[in-house]
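First the structure, in the form of structure tokens, and then the observations on it.
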Amino acid sequence: MHRPARLVLAPLLLALSAPAALAADAESGALTVEQISPGYAVRAQITAGDLARLAAMGFRTVINSRPDGEEPGQPEAEELAAEAHRLGLTYHHIPVAPSGPTETEARKLRAALTTAPGPVLGFCRSGRRAARLKELADSLGPRGGSD
């Protein structure tokens with residue numbers, strides 16, 4: 001299967017750019033996102049306080065690809081979900097292990113995206129797993145399995 005270069009390179013670029021993106025966030029107060037496909041962007045870890053800014057940027061759905069408890073001090077999915085819902089955002093937690101997404105997780109993302117209002121922001125620790133999850137979901141056939 002031929003994949004567009006930007007989707008294949010997106011996870012690598014995100015892995016290399018995540019520390020710089022977080023530094024830019026701290027300096028400017030703006031949230032840096034990486035658009036990986038129409039209506040879908042990814043970024044590094046967010047906090048509950050970031051959700052209002054994401055809503056102001058136009059995002060309507062947030063996909064959390066980070067397992068709870070992966071790192072000390074990381075916001076829990078339940079906390080993020082409560083704040084997202086308070087702000088009127090759609091929120092899905094599809095945890096992906098550091099080793100990368102599985103087809104099952106990609107099918108969960110595809111199912112979530114069938115009803116999720118866009119634009120959508122996916123996130124994890126660096127943004128890389130979120131991008132890989134979207135790439136895998138996009139590669140699934142029309143019935144949610146591999147072609």
Side-chain angles (χ1 to χ4, degrees), residues 3-140 144 146:
R3 294 183 184 155
R6 70 183 172 124
L7 289 180
V8 173
L9 294 176
L12 175 61
L13 294 174
L14 285 169
L16 297 174
S17 66
L22 292 176
D25 287 355
E27 290 174 15
S28 70
L31 291 176
T32 305
V33 301
E34 178 74 25
Q35 191 80 31
I36 62 168
S37 66
Y40 201 96
V42 297
R43 72 159 274 120
Q45 179 69 54
I46 64 169
T47 65
D50 293 331
L51 289 165
R53 290 190 287 169
L54 290 167
M57 292 169 67
F59 289 101
R60 296 180 62 207
T61 297
V62 175
I63 309 285
N64 176 357
S65 296
R66 192 158 192 208
D68 279 341
E70 188 175 64
E71 186 172 81
Q74 161 192 340
E76 296 290 319
E78 187 175 295
E79 170 193 357
L80 295 171
E83 181 64 7
H85 292 136
R86 188 186 75 74
L87 295 167
L89 297 169
T90 300
Y91 179 91
H92 295 278
H93 186 213
I94 305 171
V96 174
S99 57
T102 64
E103 188 171 313
T104 298
E105 293 155 352
R107 277 191 257 113
K108 288 179 183 179
L109 177 61
R110 269 181 68 124
L113 293 177
T114 62
T115 60
V120 177
L121 177 85
F123 79 91
C124 61
R125 187 185 64 78
S126 68
R128 191 176 102 206
R129 277 178 279 175
R132 289 173 54 203
L133 178 62
K134 176 68 164 86
E135 181 181 345
L136 182 57
D138 287 346
S139 73
L140 296 176
S146 298

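Sequential numbering from 1 along the given sequence is applied to the chain's residues. Computed from a predicted structure; not experimentally measured.
- Ion pair R132/E135 not flagged as a salt bridge, since none of the NZ, NE, NH1 or NH2 atoms sits closer than 4.0 Å to an Asp/Glu carboxylate oxygen.
- Taking OH from Y91 and CG from L51, the interatomic distance works out to 8.0 Å, rounded to the nearest 0.5 Å.
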task: May I have the step-by-step check of side-chain contact (heavy atoms from CB on, under 4.5 Å) for V62 and H92, ending in yes or no?
output: CA-CA 6 Å; V62 175; H92 295 278; over 6 Å; no
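- We find the CG-CG distance between L109 and L136 to be 9.0 Å, quoted to the nearest 0.5 Å.
- Between the CG atom in N64 and the CD atom in Q45 there is a gap of 7.0 Å [rounded to 0.5 Å].
- The structure places CG of L133 at 9.0 Å from SG of C124, a figure rounded to the nearest 0.5 Å.
- For the pair T61 (side chain) and P117 (backbone), a donor-acceptor distance under 3.5 Å is present.
- Counting only distance, with no hydrogens or angles, the side chain of Q74 and the backbone of P67 share a donor-acceptor pair below 3.5 Å.
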- request: Carefully, step by step, assess E103 and L140 under the rule side-chain contact (heavy atoms from CB on, under 4.5 Å).
  value: CA-CA 8 Å; E103 188 171 313; L140 296 176; 3.7 Å; yes
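- Rounding to the nearest 0.5 Å gives a distance of 4.0 Å between CG of L31 and CZ of R53.
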F59/V120 under side-chain contact (heavy atoms from CB on, under 4.5 Å): CA gap, chis, key distance, verdict: CA-CA 6 Å; F59 289 101; V120 177; 5.7 Å; no
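- Listed for the Q35 side chain is a donor-acceptor partner under 3.5 Å among the backbone atoms of S37.
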Worked check of side-chain contact (heavy atoms from CB on, under 4.5 Å) between E34 and R43: CA-CA 6 Å; E34 178 74 25; R43 72 159 274 120; over 6 Å; no
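- A donor-acceptor pair under 3.5 Å is absent between the side-chain atoms of R129 and the main chain of G100, judged by distance alone.
- Using modelled atom types, one side-chain atom of D68 and one backbone atom of A77 make a donor-acceptor pair closer than 3.5 Å.
- The distance from atom NE2 of H93 to atom CG of L80, rounded to the nearest 0.5 Å, is 8.5 Å.
- Checked for salt-bridge contact, E76 and R66 miss the test: no charged N lies under 4.0 Å from a carboxylate O.
- With hydrogens and angles disregarded, no donor-acceptor distance shorter than 3.5 Å links the side chain of R60 to the backbone of P119.
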